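Heads up, the thing below is written out as structure tokens.
Fair warning: this is a prediction, and the values are worked out from it, not measured in the lab. Note that these values count all heavy atoms, side chains included, but never hydrogens, waters or copies made by symmetry.
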Number of protein chains: 2
Amino acid sequence: MAYGNALTVLADPTRRKVFERLRNGPRPVNMLAAGLPVSRPAVSQHLKVLKDAGLVEERSEGVRRIYSLRREGLVELRAWLDSFWGDALEAFRLEAEKSYKAKKRNT
Amino acid sequence: MAYGNALTVLADPTRRKVFERLRNGPRPVNMLAAGLPVSRPAVSQHLKVLKDAGLVEERSEGVRRIYSLRREGLVELRAWLDSFWGDALEAFRLEAEKSYKAKKRNT
DNA sequence: CATTTCCGTAAGCCATGACTAACGGTAAGC
DNA sequence: GCTTACCGTTAGTCATGGCTTACGGAAATG
């Protein structure tokens, strides 16, 4: 039940904010902590939790640790969410498909 | 940021279990509480939280309260999840669309 | 080496929230 | 009306976990 892990981990607002910041691409810790209302060690702790949950990965680059998004950590959560729609899910996907084509057309 | 609410609310394992049980259809409280390792009032409290978050709705039927799933409470969470895929999301939707048609064909 | 930067970890504090036990309220059956 | 079934609410306890401060390690710079 890895979806449970993802849910638990992403429940915290601060941690979620850190996670969302990684949408813009890989970032070192101090850059992730900048502007947040908590200290840098707090961000480090959040990153550890995110990493243990498989939502984030880390690589060293000289003196700094670069964290990056790991979308695979979200697929189980997505599948779990899907399980709450019945056949209506297919309709939803069709709708998404239509809006995608519409957007494509406007480009 | 209602997706945050849904995440927070669904983070608790017990509450999640209650929520998942509603997938099988509307249920009175004592039926939802049966088999769970917590007391019935605990389930009542969880249901209140779920209701406040818009994830569940309630109707009275004689002496019992019937709770049922409310999927609209999940759409924002789903949209948020989608935001973590970039263009890859569109590919995912296309794939879902294809598999849907494939299933349709098999029917 | 000494220093500085960047970061993870440990210890301790404190708020949040999940839980139980006890109570009260409402509908149905007799 | 009395009892029973079903449920929400309250009060109070206790564990979880997020935060800060302080510290120590590793790489770059001189």
Side-chain angles (χ1 to χ4, degrees), chain A residues 1-22 24-70 73, chain B residues 1-22 24-70 73:
Chain A
M1 50 165 148
Y3 67 88
N5 294 338
L7 275 174
T8 306
V9 164
L10 293 174
D12 182 76
T14 306
R15 191 155 50 216
R16 206 162 51 226
K17 219 171 277 182
V18 171
F19 187 65
E20 289 172 352
R21 285 194 172 196
L22 288 174
N24 305 325
R27 295 280 186 277
V29 179
N30 57 358
M31 205 170 299
L32 291 172
L36 288 185
V38 297
S39 69
R40 180 199 52 79
V43 174
S44 259
Q45 291 168 352
H46 283 306
L47 284 169
K48 175 175 175 47
V49 175
L50 286 168
K51 183 183 172 188
D52 289 345
L55 291 171
V56 140
E57 50 190 12
E58 169 219 343
R59 72 170 191 276
S60 282
E61 193 163 293
V63 68
R64 57 188 102 198
R65 317 283 181 94
I66 311 292
Y67 284 87
S68 55
L69 216 43
R70 206 176 152 277
Chain B
M1 47 166 151
Y3 67 90
N5 294 337
L7 276 173
T8 305
V9 164
L10 293 174
D12 182 75
T14 306
R15 192 156 48 216
R16 205 163 50 227
K17 220 170 276 181
V18 172
F19 187 64
E20 289 172 353
R21 286 193 171 197
L22 288 174
N24 305 326
R27 294 281 186 275
V29 179
N30 58 356
M31 204 170 300
L32 291 172
L36 288 184
V38 298
S39 67
R40 181 199 51 80
V43 174
S44 258
Q45 290 169 353
H46 283 307
L47 285 169
K48 175 177 174 46
V49 174
L50 286 168
K51 182 181 170 188
D52 290 345
L55 291 172
V56 139
E57 49 190 13
E58 168 219 344
R59 72 171 191 275
S60 283
E61 191 162 295
V63 68
R64 58 188 102 198
R65 316 285 181 93
I66 312 292
Y67 284 87
S68 55
L69 216 45
R70 204 175 154 278

Q: Name the residue closer to the 5' end of DNA chain D, choosing between A:P37 and B:M31 according to the nucleotide with the nearest heavy atom.
A: B:M31
Q: Return the 5'-most residue of the pair A:E61, A:D12 with respect to DNA chain D, ranking by each residue's nearest nucleotide.
A: A:D12
**Q.** d(CG, A:N30; P, C:dT4) in whole Å
**A.** 18 Å
Q: Looking at every strand, decide which applies to A:P28 at a 4.0 Å heavy-atom threshold: base, sugar-phosphate, or nothing.
A: sugar-phosphate
Q.
Would you say B:Y67 places a side-chain N or O within less than 4.0 Å of OP1 or OP2 belonging to D:dC6?
A. no
Q) Starting at CG of B:L47 and ending at P of D:dT9, how long is that distance when rounded to a whole Å? A) 11 Å
(Q) Would the base of C:dG8 count as contacting A:R40 through its side chain, where contact means a donor and an acceptor less than 3.5 Å apart? (A) yes
Q: Could you check whether A:T14 gets within reach of a base, just the sugar-phosphate, or nothing at all, counting any heavy atom under 4.0 Å?
A: sugar-phosphate
**Q.** d(CZ, B:R27; C1', D:dC6) in whole Å
**A.** 17 Å
Q. Is the phosphate of D:dG18, meaning OP1 or OP2, less than 4.0 Å from a side-chain N or O of A:R15?
A. yes
(Q) From CD1 of A:I66 over to P of C:dC7, roughly how many Å is that when rounded to an integer? (A) 7 Å
Q) To the nearest Å, how far apart are B:Q45 CD and D:dC6 P? A) 20 Å
Q.
Judged by each residue's nearest nucleotide on DNA chain C, which is more toward the 5′ side, A:V29 or B:G62?
A. A:V29
Q | A:S39 side-chain N/O to D:dT20 phosphate OP1/OP2 under 4.0 Å | A | yes
Q) Within the structure, does a side-chain N or O atom of A:H46 lie under 4.0 Å from either OP1 or OP2 of D:dG17? A) no
Q: Check every atom of D:dT20, C:dA18, D:dG8 against the side chain of A:P41 and return the nucleotide holding the closest atom.
A: D:dT20
**Q.** B:E58 CD to D:dC7 P, straight-line distance once rounded to whole Å
**A.** 10 Å
Q. D:dG18 C1' sits how many Å from A:K48 NZ, rounded?
A. 15 Å
**Q.** Between D:dT20 (C1') and A:L36 (CG): distance, integer Å
**A.** 15 Å
(Q) Can you tell me if A:S44 touches the phosphate of C:dC7, counting only side-chain N or O atoms and a distance under 4.0 Å to OP1 or OP2? (A) no
Q) Of the nucleotides C:dC19, D:dC19, D:dC7, which one has an atom closest to the side chain of A:A42? A) D:dC19
